[in-house]
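Naming convention: chains lettered A, B, ... in sequence-line order (proteins, then strands); numbering from 1 in each chain. None of the values given here were measured: they were computed from a predicted structure.
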Protein chains: 2
Amino acid sequence: MKKDTLLSISEKTGFSISTVSRVLSGKGPQYRICQKTIDYITEVAQSCNYMPNLIAQSLRTNKTNTIGLTVPNIDNPFFSTLAAVIINQTKRLGYNILLTDTMENEENEVQAINSYVSRSVDGIIAVPVGSAPDYLETVARNIPLILIDRYFDNTSLPYVCTDNYSGGYMAAEHLVNKGYRNLMAIQGVPTSMPNKERHRGFAQAVADYAERGVRARVAGDSFSVDNGYREAVAALTSEDKPDAIFVFSTTILLGVIKAAKELQLRIPEDVAVISFDNNRFLDYIDPAITRVEQPVNTIGKLATDNIVRMIEKGDDKAIITPQILVRPALIEGRSC
Amino acid sequence: MKKDTLLSISEKTGFSISTVSRVLSGKGPQYRICQKTIDYITEVAQSCNYMPNLIAQSLRTNKTNTIGLTVPNIDNPFFSTLAAVIINQTKRLGYNILLTDTMENEENEVQAINSYVSRSVDGIIAVPVGSAPDYLETVARNIPLILIDRYFDNTSLPYVCTDNYSGGYMAAEHLVNKGYRNLMAIQGVPTSMPNKERHRGFAQAVADYAERGVRARVAGDSFSVDNGYREAVAALTSEDKPDAIFVFSTTILLGVIKAAKELQLRIPEDVAVISFDNNRFLDYIDPAITRVEQPVNTIGKLATDNIVRMIEKGDDKAIITPQILVRPALIEGRSC
DNA sequence: TCCGTTTGCGCAATCGTTTGCGCTTTATAT
DNA sequence: ATATAAAGCGCAAACGATTGCGCAAACGGA
């Protein structure tokens, strides 16, 4: 039971490979192949369940209908949701996804993208894990590439990211409006772009409201439960206990919650908490957590739509390099 | 800046395409190509950053180093974790993953797998969403295929799944041991294999402990928050209020929690709860939820190891069709 | 000197498609 | 009737890599 090919069908029907190819790829009319022939070939092909060999097709046309996607950690709900959106959206547009988990490791990223290049993917969507855009820039010269979630500010690489600055600002502002004055932020990896922006937004808000007596401190160094726990314990047992904490991720949040429980502090009575990233579970923690939600759906949709546009534009001089920031939204729980 | 090919390198070095190919694929010594030539060609190739065109390679060798993976809903933490394990494990073994989200839709599944076949993937790992194995069986005749999470009991398709029967049994037994007698199970889709097995295990345990006065009811029909909520409200406000509830998924659990909160019932004092599937957040819900954890890592690892073994065995007569059930584990919280 | 081996490498077919070009045959115009 | 155009299809060259087979040169032994 060998697989059928254009050749086998051409033998079965008596027409040449070319004709069969044209008919089966829908170009029959375009090449003025008569309807009878078209119908006949189509029927034979269907009856033997012909499926074109996409590998051969790709080799010839240099189009794979495949998009490479790299994420730093697919096990993180934020990225798995993002991946889900992208996978579904690209499928709708006729593309398959090659997915790699780079595990926040730049070497893995380079490997993955090299493999994508070798496989002639039509485009690449990446959450970059490195700090320098050089490598990605050379790749982007040959293949449509779009960054998501993180970007480099010294390049023209296209990206779609959350406006983390606004997110940080909104969080601080919300706390201020709720009456808190002695704020604290527990951050993740300080060098990462989203972290820097959240920090910047937070600091700006604090500065803007300084006249109302708002002050703040910032601590922490990783997006982990443990980091949240350690910093929370330290701050909450210090002389100058903060009355509200802004955590930069859900993992950090969990650490803070653990700390508060251990210290017998109640949220929000003893200390308010506002988090970053959305998650269904946050509504079921007691109290439901107020958080700044990243617009995952929008990011995924914009990224895929744009990459596909870039792919299908071809070599047009008018290169599109969208650089998009999407504003996050505040979801109120009862933790402030 | 065109991409280098064997041809371009053969021109640069003056050697034939064949020689270049053999050298660059490491078969130089095997073909008795002299060391000087090998070194020279290698150096030239490196200097111009040659990367083989995997498409052409695949067409010729009929090997893509790609594995197709389908999951019903990548946004579900269980599946995203599973996918993460598989992605990382296959990468380690030299394979890339083509990922599709079938959205619990059989038509999508067929489409995805057809696309995998067209793309000549080396193997397929699938969480089947349909009820009949026929289609998958025909595919499996040509391509190594392994099922995960769900299986069909009337076929010889290889699979790696949680022993859901044991999981159901363990849950009921745990409740009994904690002293509960009037049990309730809220199930998901009754026709799905994991659901059936959990149900069967649960019922068996109840029967086994009937002499101790254990009795139980089963309700529900979908793996959704809403289903959990509805059934919990109905049962908890009924004459015969259950004293312990076994939910078949985390989503159902959330519905139950919502119901309990609304009815002002305390967990576990007023009603105990035990859930299925693990999730970091379950430790941060109040109280931490006792649950039966599916061995995601083991499943992912076994599935990839086996699919790779099947792939690399080739056409050996000794066809391997492992059918593996992995026992889940109980994680105790404070909800019982 | 002649022949058999070994060494070192190239020829050309092949994988399954796509597509520019051109070859027939039939229809239309003059 | 002849020229021209259109309709209907096939030839063969790509795409880039792999590989069975075989050729030539060098070497050794008799």
Rounded distance (Å) that lies between atom [atom2] of [N] and atom [atom1] of [X]:
X: A/Gln30; N: C/dT19; atom1: CD; atom2: P; answer: 9 Å
X: B/Ile41; N: C/dG8; atom1: CD1; atom2: C1'; answer: 11 Å
X: B/Leu24; N: D/dG16; atom1: CG; atom2: C1'; answer: 13 Å
X: B/Glu11; N: D/dG16; atom1: CD; atom2: C1'; answer: 13 Å

* Crowded around A/Glu137 CD? As in, over 12 foreign heavy atoms under 6.0 Å? -> yes

* Asked: So with a 6.0 Å cut-off around CD of B/Glu43, is the heavy-atom count from everything else above 12?
  -> no

* Asked: Hey, is A/Glu104 close enough to A/Arg150 for a salt bridge, meaning N to O under 4.0 Å?
  -> yes

* Short N-O contact, B/Lys91 and A/Asp101, less than 4.0 angstrom -> no

* Structure fact -> Residues passing the salt bridge (charged side-chain N to carboxylate O under 4.0 Å, His left out) test with B/Asp305, sequence neighbours excluded, are B/Lys301

Shorter than 3.5 Å, N or O on both sides, protein versus nucleotides 9-17 of chain C: list them out with atom names.
unit_1: C/dC9; atom_1: OP1; unit_2: B/Thr37; atom_2: OG1; d: 2.8
unit_1: C/dC9; atom_1: OP2; unit_2: B/Cys34; atom_2: N; d: 2.8
unit_1: C/dC9; atom_1: OP2; unit_2: B/Thr37; atom_2: OG1; d: 3.4
unit_1: C/dG10; atom_1: OP1; unit_2: B/Ser16; atom_2: N; d: 3.2
unit_1: C/dG10; atom_1: OP2; unit_2: B/Ser16; atom_2: N; d: 2.8
unit_1: C/dG10; atom_1: OP2; unit_2: B/Ser16; atom_2: OG; d: 2.7
unit_1: C/dG10; atom_1: OP2; unit_2: B/Thr19; atom_2: OG1; d: 2.3
unit_1: C/dG10; atom_1: O5'; unit_2: B/Ser16; atom_2: OG; d: 3.4
unit_1: C/dG10; atom_1: N7; unit_2: B/Arg22; atom_2: NH2; d: 3.1
unit_1: C/dG10; atom_1: O6; unit_2: B/Arg22; atom_2: NH2; d: 2.5
unit_1: C/dC11; atom_1: N4; unit_2: B/Ser18; atom_2: OG; d: 2.8
unit_1: C/dT14; atom_1: O2; unit_2: B/Arg60; atom_2: NE; d: 3.4
unit_1: C/dT14; atom_1: O2; unit_2: B/Arg60; atom_2: NH1; d: 3.0
unit_1: C/dG16; atom_1: N2; unit_2: A/Ala56; atom_2: O; d: 3.4
unit_1: C/dT17; atom_1: OP1; unit_2: A/Tyr50; atom_2: OH; d: 2.8
unit_1: C/dT17; atom_1: OP1; unit_2: A/Asn53; atom_2: N; d: 3.3
unit_1: C/dT17; atom_1: OP2; unit_2: A/Leu6; atom_2: N; d: 2.6
unit_1: C/dT17; atom_1: O5'; unit_2: A/Tyr50; atom_2: OH; d: 3.3

* **Backbone of A/Thr102 reached by a side-chain donor or acceptor of A/Thr100 within 3.5 Å** => no

